[in-house]
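This structure is a prediction, so every number in the text was calculated from the model and none was measured.
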Amino acid sequence: ASPPDRQLHTALALTWLAYGYFYVLRKALGAVKSALRNELLYSESQLASLDTAFLAAYSAGLYVSGCLVDAVQPRVVLCCGICLAAAAAFLLPLLLPGQLGGGGAEGFVVWIPAYLCWIAHGLAQSAGHPAIQRVLGKRLRGNRWSGMYLGIWTTSQTVGGMTGNFCGGYLLSNFGWQAVLQRPIFVAPCIGLCLALGWSVLEVPKEPSAVPLACEEGDHEDVEKRRRGSCCTISAGRLFGGFGAQVYVAALAAFFVKFVRYALLFWLPYYNWAVLGFDASKAAYHASMFEFGGFFGSMALGPLSDRLEGPGAHRRAAPSAVLMLAGAVLLGIVCPQLQAASDWPAASREFAMGLGIFLVGIAVDGPESIITGALCNDLCEDSGLTGSVGRVVGLVNGTGILGALLAGPAVTFWARSCGGWPAVFPFLAIISLLGVAALLPLCKFVSWHSVMAARTSILAASCAGAALVVVLLLSAACNPAAAVVEQTSAGVS
């Protein structure tokens, strides 16, 4: 490989490792919830409130860090985020109410230290994505295979999440729940050393922003202050205004796709246990098929979109919309029919359901990786916003996490109000269709001739997947027996 390629590959490897570590830390609390429930007698709502605090801070932090990485070196923001996230995870066991020596976990006041700690964790986690997209966006500018590279990088989420689940289970069973949150901090120096060795590769030269950030034109004194580098008042409208409609369309699409993704990540294990009657290990296994499918979705959709013709943003949006439409069909028709097929042999039914969830993972995680990564970079490149990549990524991802924040309350409300948990999958199908509608304005300039010009192998794989969906749908339709499921109480898994 040429030197620029080696630098790109080094930056890709380092940022992949860093973001995978973020996901290991992010999974720690989920791995210990059952232990906190049993040992400290925390209620499900108390555990859910920690998730809410994290997601609210994470969403707000994405807007802030998106602006920050456009103003200072993103490698500095990335390293600070890693250190703070690891420290917050280490401190949480020391700050939870049961560990303070005060009896029990009742009352809001005793939870304030834990909330503040986990809010800091959410803010630290938010430093990762905008900083890394800023680094990779600079390296991939003008690269025809940017979708493939960013698809490979996105697998860090899946690998990091699965590593977090595996390590969390091992530490929980052998060293206790405190170790799940505290032991990962000892990996942080290794991550920092790797980033230090590639410090020069992670540098991003300062670029002028295409979006004005400072003072009103016409005020000569303020203009002189800006020229001397003085700081002017910056409003939210100036930070996130002037991007063009396509950026806000992408942010709306991210809202819907992250809503579906996080709803399944948070609630699928609980759904499998409470509704389908799986034991805890089997429920977790079936839920992991969603993330496993997401690995392949992220890997496949990037190279496919690279092979399409037309403006970068439009060739990213078209295959993403098609996959989200397939996801809506799977969630709204196929999976409910499979779950209701009670007269199937147990092994066949479980295999079919696992396969269905695997395909849902492809159809949800693939578009999510494109919308929050390659699509943002292409929008900036097409619109001349290369100096504002951090803010665009922060806006799109921050809006997406707002969807994730609303997913939990919306799913539980829907289950209580619309006939129980079996109604949740059709509800998520509706949200997925809204995501398809949000992407349509970005698809209008895509030539269908360019879609048909993609490689035969990719088209064959797509046809095979579509045929499999049809077979499953027809099989389920031939077994229309409905399962009567008792409505259960909600809880974050």
J.: Hey, what do you get for CG (L140) to OH (Y149), rounding to the nearest 0.5 Å?
T.: 8.0 Å
J.: Drop me the distance from F425's CZ to L338's CG, to the nearest 0.5 angstrom.
T.: 10.5 Å
J.: Is L442 close to L375 at the side-chain level, that is, under 4.5 Å between some pair of heavy atoms?
T.: yes
J.: When the ring centroid of W111 is compared with that of Y42, is the distance short of 6.0 Å?
T.: yes
J.: Does H121 reach the main-chain N or O of A85 with its side chain, forming a donor-acceptor pair under 3.5 Å?
T.: yes
J.: Could you tell me whether the side chain of F259 reaches within less than 4.5 Å of the side chain of L402, counting heavy atoms only?
T.: no
J.: Between S369 and G366 (side chain of the first, backbone of the second, donor and acceptor by atom type, cut-off under 3.5 Å), is there such a pair?
T.: yes
J.: Check whether any side-chain heavy atom of Y58 lies under 4.5 Å from a side-chain heavy atom of L123, and answer yes or no.
T.: no
J.: Hey, does the side chain of S348 reach the backbone of W344 with a donor-acceptor pair shorter than 3.5 angstrom?
T.: no
J.: So how far is it from L265 CG to Q157 CD, rounded to the nearest 0.5 Å?
T.: 9.5 Å
J.: Any idea which heavy atoms bring L84 and A120 closest together, and the distance?
T.: CD2-O, 4.1 Å
J.: Just by distance, do the side chain of S59 and the backbone of I401 share a donor-acceptor pair under 3.5 Å?
T.: no
J.: Who pairs with W16 by ring-ring contact (aromatic ring centres under 6.0 Å, His included), at least two apart in sequence or on another chain?
T.: none
J.: So, using ring-ring contact (aromatic ring centres under 6.0 Å, His included) as the criterion, who are the partners of Y23 when residues are at least two apart?
T.: Y19
J.: Does the ring centre of H9 sit less than 6.0 Å away from the ring centre of W153?
T.: no
J.: With the threshold set at 4.0 Å, does a side-chain nitrogen-carboxylate oxygen contact exist between E291 and R261?
T.: no
J.: Between W414 and A423, is there a donor-acceptor pair closer than 3.5 Å when you use the side chain of the first and the backbone of the second?
T.: yes
J.: Only one of D306, L379, I371 clears side-chain contact (heavy atoms from CB on, under 4.5 Å) with R316; which?
T.: D306
J.: Between D70 (side chain) and R391 (backbone), is there a donor-acceptor pair under 3.5 Å?
T.: yes
J.: Looking at F54, does the NZ or CZ of R26 lie under 6.0 angstrom from its six-membered ring centre and within 45 degrees of the ring axis?
T.: no
J.: For a side-chain contact (heavy atoms from CB on, under 4.5 Å) check, start with the C-alpha distance between T15 and L202, then their side-chain angles and the critical distance, and finish with the verdict.
T.: CA-CA 9 Å; T15 53; L202 301 176; 4.1 Å; yes
J.: Excluding sequence neighbours, so at least two apart, what forms ring-ring contact (aromatic ring centres under 6.0 Å, His included) with Y262?
T.: F266
J.: Can you see which heavy atom on A86 is nearest to which on L25, and at what distance?
T.: N-CD1, 3.8 Å
J.: How about F358 and F290: are their ring centroids closer than 6.0 Å?
T.: no
J.: Atom OH of residue position Y115 - does it have more than 12 heavy atoms of other residues, nucleotides or ligands inside 6.0 Å?
T.: yes
J.: Which pair of non-hydrogen atoms, one from V260 and one from S432, has the smallest distance, and what is that distance?
T.: CG2-N, 4.0 Å
J.: Below 4.5 Å, heavy atoms only, C-beta onward: do V360 and L264 meet side chain to side chain?
T.: yes
J.: Taking it one step at a time, do Y21 and S156 satisfy side-chain hydrogen bond (donor to acceptor under 3.5 Å, both in side chains)?
T.: CA-CA 9 Å; Y21 180 65; S156 62; over 6 Å; no
J.: Are L406 and F255 packed together at the side-chain level, in the sense that at least one heavy-atom pair is separated by less than 4.5 angstrom?
T.: yes
J.: Looking at S298 and F295, would you say the former's side chain and the latter's main chain have a donor-acceptor pair under 3.5 Å?
T.: no
J.: Stepwise, does the side-chain contact (heavy atoms from CB on, under 4.5 Å) test hold for R139 with L12?
T.: CA-CA 9 Å; R139 293 289 176 189; L12 186 71; over 6 Å; no
J.: Ignoring hydrogens, what is the shortest heavy-atom contact between V24 and G160? Give both atom names and the distance.
T.: CG2-O, 3.5 Å
J.: If you round to the nearest 0.5 Å, how far is CZ of F256 from CG of L439?
T.: 10.5 Å
J.: What verdict does the side-chain contact (heavy atoms from CB on, under 4.5 Å) test give for V249 and L252, after you've listed the backbone C-alpha separation in whole Å, the side-chain angles of each residue and the deciding distance to 0.1 Å?
T.: CA-CA 5 Å; V249 168; L252 182 62; 5.7 Å; no
J.: Any side-chain heavy atom of K33 within less than 4.5 Å of one from D51?
T.: yes
J.: Tell me the closest heavy-atom pair linking I370 and S320, and the distance in Å.
T.: CG2-OG, 3.5 Å
J.: Rounded to the nearest 0.5 Å, what separation is found between the CD1 atom of I362 and the CG atom of L301?
T.: 10.5 Å
J.: Is there a donor-acceptor contact under 3.5 Å from the side chain of Q125 to the main chain of F22?
T.: yes
J.: Measure the shortest side-chain to side-chain distance between V159 and T163 over non-hydrogen atoms and say whether it is less than 4.5 angstrom.
T.: yes
J.: In Å and rounded to the nearest 0.5 Å, what is the CG to CD1 distance from L78 to I82?
T.: 4.5 Å
J.: Report yes if the side chains of P74 and I132 come closer than 4.5 Å at any heavy-atom pair, otherwise no.
T.: no
J.: What pair of heavy atoms forms the shortest contact from P367 to L323, and how long is it?
T.: CG-CB, 3.8 Å
J.: Apply side-chain contact (heavy atoms from CB on, under 4.5 Å) to the pair W118 and L29, showing each step before the final yes or no.
T.: CA-CA 10 Å; W118 217 233; L29 180 61; 3.4 Å; yes
